[in-house]
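Atoms considered below: every heavy atom in the structure, side chains included; atoms not considered: hydrogens, waters and symmetry mates.
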Amino acid sequence: PVAVPAFQLQEAQLAVLGAGASDAAVASARQFATDGHIVIVPLTSAAGGEALGRLLDLPALKVTEATVRNYALLAQIDFRHPIFTPFADPRFSDFTKIHFWKYRRLDPAQFTDGRIVASFDSGDPAIVQVPVGKGSVVVLASSWLPADSQLALSSKFVPLLHALLEQSSDLPPQKAQYFIGDEVPLPPGPNPLSVRKPGGTELATDAGAMFTATDQPGVYHVTPGTLRFVVNLAPDESRIAPLAADRFTSLGVPLRDAVAPTPAEIALRESRAEAIEVEQRQKLWRWLVVAALGVLLLETLIAGRLSRATPSHAAT
């Protein structure tokens with residue numbers, strides 16, 4: 001691993017230092033912790049103690065491979081620590097289903113300011129948190145690799161990482177979406193930032209400031225770095241239902257008073273209403289005339305049939 005660019009460290013909330021880290025990567029991780037973040041160091045082998053010693057500035061740090069007969073368990077857990085606070089409830093505090101096939105032995109005396117967060121059933125430290133500057137380094141005596149443990153397969157793995165993220169993060173909270181006019185917090189850092197609006201305009205701003213020029217919908221790009229955020233139109237923009245008059249009044253929009261009709265307009269309306277009523281009556285009489293004609297036609301047909309039937313009966 002190589003050194004991480006500064007702008008990526010500004011955007012990161014949590015860092016993991018893997019095995020075989022170079023001096024540049026260790027220096028980046030130490031600076032990341034010094035600035036107030038958390039660096040996780042999962043020891044995948046005893047050789048990882050060399051990089052851990054450089055990270056903690058402990059040249060004499062010794063890490064050895066532990067002897068495990070079947071598997072090891074987490075026996076002593078500090079549920080007052082922020083990492084394990086979500087599991088303080090007795091319903092979630094059972095960690096006996098997580099088996100550790102391998103782990104590395106750490107001497108707690110080597111960490112003068114360290115805090116043992118959890119220990120194995122053998123008494124060896126399993127998780128140690130060591131302060132570094134404003135932040136800290138969380139050392140895992142084992143890793144989440146399948147060859148080392150079942151930690152990654154456990155339902156507690158994600159909550160553990162989430163608890164570490166919450167403890168490590170010093171970035172301002174980011175909302176899921178922003179709307180026109182919202183203020184967007186920018187990540188802190190020593191260097192100024194530039195925000196490119198959807199229209200292509202570049203605005204210079206300070207790191208850690210609140211960006212308020214969200215007057216265009218679209219994607220905003222923050223440089224240096226890869227941070228992007230989206231500004232959408234307010235949901236009210238898609239509502240096309242007409243507003244009631246009292247809504248305009250509450251918003252302070254003056255409405256023109258209705259003009260009273262003149263006597264001529266009233267007379268015209270009454271004449272139109274009377275003409276409509278006469279027309280409706282005429283339509284009714286039309287249907288009555290049609291019905292009368294239908295009855296007359298039916299009587300004619302019946303009378304014709306009866307007149308033809310009478311002679312035949314007389315002849316018989």
Side-chain angles (χ1 to χ4, degrees), residues 169 171-188 192-223 225-313:
S169 173
L171 294 177
Q174 296 284 340
K175 296 194 300 184
Q177 60 178 335
Y178 296 95
F179 300 105
I180 296 293
D182 287 352
E183 295 183 348
V184 180
L186 299 178
L193 301 175
S194 177
V195 180
R196 186 172 75 251
K197 301 174 64 175
T201 306
E202 294 276 351
L203 297 178
T205 182
D206 297 330
M210 300 295 292
F211 184 76
T212 58
T214 55
D215 54 352
Q216 298 178 4
V219 181
Y220 290 69
H221 299 262
V222 181
T223 55
T226 59
L227 177 62
R228 297 186 299 174
F229 59 89
V230 179
V231 175
N232 297 317
L233 291 173
D236 294 340
E237 296 288 341
S238 60
R239 297 177 182 174
I240 59 176
L243 296 178
D246 56 351
R247 177 60 175 166
F248 286 100
T249 305
S250 64
L251 295 175
V253 179
L255 299 178
R256 185 175 60 182
D257 296 335
V259 180
T262 62
E265 292 177 347
I266 295 176
L268 180 61
R269 293 177 184 176
E270 292 178 352
S271 62
R272 288 179 178 176
E274 185 178 356
I276 293 173
E277 184 179 358
V278 172
E279 184 179 358
Q280 294 293 336
R281 290 177 180 176
Q282 290 178 353
K283 291 182 179 179
L284 179 61
W285 281 107
R286 291 174 184 175
W287 287 110
L288 291 176
V289 171
V290 172
L293 292 176
V295 172
L296 181 60
L297 178 60
L298 181 61
E299 290 181 349
T300 304
L301 292 175
I302 294 175
R305 289 185 179 181
L306 291 176
S307 62
R308 288 195 300 268
T310 301
S312 61
H313 287 293

* **Matching residue for Val195 among Thr223, Thr205, Thr214, Val184 - test: side chain to side chain contact (heavy atoms under 4.5 Å, CB included)** => Thr205
* **Whether Gln216 side chain and Lys197 backbone form a donor-acceptor pair below 3.5 Å** => no
* Report the distance from atom CG of Asp182 to atom CE of Met210, rounding to the nearest 0.5 Å. => 9.5 Å
* Asked: Using a distance-only test with no angle check, is there a side-chain donor-acceptor pair under 3.5 angstrom linking Glu202 and Ser194?
  -> yes
* **Nearest heavy-atom neighbours spanning Ala213 and Leu203** => CB-CD1, 3.7 Å
* Which atom of Tyr178 lies closest to which atom of Pro185, heavy atoms considered -> OH-CD, 3.7 Å
* Asked: Quick one: which of Val289, Val290, Leu297 gives a side chain to side chain contact (heavy atoms under 4.5 Å, CB included) with Leu293?
  -> Val289
* Structure fact -> Between the CG atom in Leu296 and the CD atom in Glu299, the distance rounded to the nearest 0.5 Å is 6.5 Å
* Please report the C-alpha distance between Leu193 and Phe211 in whole Å, then the side-chain angles of each, then the deciding distance to 0.1 Å, and finally whether the side-chain contact (heavy atoms from CB on, under 4.5 Å) criterion is met. => CA-CA 11 Å; Leu193 301 175; Phe211 184 76; over 6 Å; no
* Val219 and Val230: which non-hydrogen atoms are nearest, and at how many Å? -> CG2-CG2, 4.1 Å
* **Plane angle bin for Phe229 and Tyr220 - parallel if under 30°, tilted between 30 and 60°, otherwise perpendicular** => parallel
